[in-house]
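Note sheet for the following structure.
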Protein chains: 2
Amino acid sequence: MKPSFEIQNLTKSCNELLILSTVLDEKKHGYQIALEIEEKSAGYFKFNHGTLYPILHKMEKEKYIKGSWQQEGPKRKRKYYTITEKGKKYYAAQNLGWHDFFQQFMKLCGEKSA
Amino acid sequence: MKPSFEIQNLTKSCNELLILSTVLDEKKHGYQIALEIEEKSAGYFKFNHGTLYPILHKMEKEKYIKGSWQQEGPKRKRKYYTITEKGKKYYAAQNLGWHDFFQQFMKLCGEKSA
DNA sequence: TTAGATATATAGAGAGTCTATATAAAAATG
DNA sequence: CATTTTTATATAGACTCTCTATATATCTAA
């Protein structure tokens, strides 16, 4: 299946948007991102840590987010991520992409049952 | 990301529902299924044949569809697929799953931009 | 002091999609 | 009549992504 917009892998895009949505307003660290997504969705979305960190690294490498190690007080170091301009554009584009996808998908598979 | 319903791989589920949606009413063969999805979505969804056939085989193996080779008139043999009872239940369940997913996803990632 | 929560990271397995290729027959074109 | 295009199905190999499991380290609470 190859929609005309960037989504080849819906799960990947979904994961990326969920992550980006949490850093739209302010910097967050990985563990915090995972918690926030889980809490905001009442447990519906739940990241494995073994899934989350590789995605964060990939997104940093692709410059959608920027990470920096920080330490406040006696706490252990945490890597905080902020969204980049490229990331904001990507988020907006993918968001529109999902809108189109929903519409198209519902048109074909919208009936509740056979 | 692990939603509570069966969707671990959104693309896979999407592909399966698109295919099932075409055989809800009547039997179809692979090539016909691909064409119908492409036409109904005005080119938005487009299956590679190298993607379509393995999925059909997998779905047949899992008994969501049943295939049978048939030949009408002088035409070459074609493998026609019909949906099974298990397939209908699966379609309905996944359809509800997508509804929940859309709602949850939009709640977190619904804003058009940053 | 020990257990549990916080916090990040990666290796290896497993699953799925994509590109490319192979085969074959019917229909259309020259 | 020969050739090309379209119809039709199939699979191998590469590539990518997610998941499980494991490793490391610190802080907090019992």
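Values below: all heavy atoms of this structure, side chains included; hydrogens, waters and symmetry mates excluded. Predicted model, so just to flag it, every value in this text is computed and none were measured. Chain letters run A, B, ... following the sequence lines, proteins first and then strands; every chain starts at 1.
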Side chain of [X] - closest among [options]:
X	options	result
A:I55	C:dA9, D:dT18, D:dT11	D:dT18
B:Y31	C:dT19, D:dT9, C:dG16	D:dT9
B:K58	C:dT17, C:dG16, D:dT9	C:dG16
B:T51	C:dT19, C:dA9, D:dC19	C:dT19
B:H49	C:dA9, D:dT9, D:dT20	D:dT9

Any base atoms under 4.0 Å from A:G30, or only sugar-phosphate, or nothing? Heavy atoms, all strands. sugar-phosphate
If I take atom [atom1] in residue [X] and atom [atom2] in nucleotide [N], what distance separates them, rounded to the nearest angstrom?
X	N	atom1	atom2	value
B:Q70	C:dA25	CD	C1'	18 Å
B:Y53	C:dT21	OH	C1'	15 Å
B:F45	C:dT17	CZ	P	14 Å
B:H57	C:dA15	NE2	P	19 Å
A:K12	D:dC15	NZ	C1'	12 Å
A:W69	C:dT8	CH2	P	6 Å
B:H29	D:dT6	NE2	P	17 Å
B:K77	C:dA24	NZ	P	14 Å

Using the rule given for side chain to side chain donor-acceptor pair (under 3.5 Å), can you reason through B:Y90 versus B:E62, listing the C-alpha separation, both sets of side-chain angles and the distance that settles it, and then say yes or no? CA-CA 11 Å; B:Y90 181 71; B:E62 283 165 11; over 6 Å; no
Taking the six-membered ring for Trp, are A:Y31 and A:H29 parallel (under 30°), tilted (30 to 60°) or perpendicular (over 60°)? parallel
Side chains of B:Q70 and B:K77: closer than 4.5 Å at any heavy-atom pair? no
In sequence, state the C-alpha distance, the side-chain angles, and the governing distance for A:Q94 and A:S13, and then conclude on side chain to side chain donor-acceptor pair (under 3.5 Å). CA-CA 7 Å; A:Q94 291 285 297; A:S13 172; 2.7 Å; yes
Taking 4.0 Å as the cut-off, does a side-chain nitrogen or oxygen of A:N9 come that near to OP1 or OP2 on C:dG16? no
hydrophobic_cluster_shared for A:Y80 and A:I19, side chain cutoff 4.5 Å: no
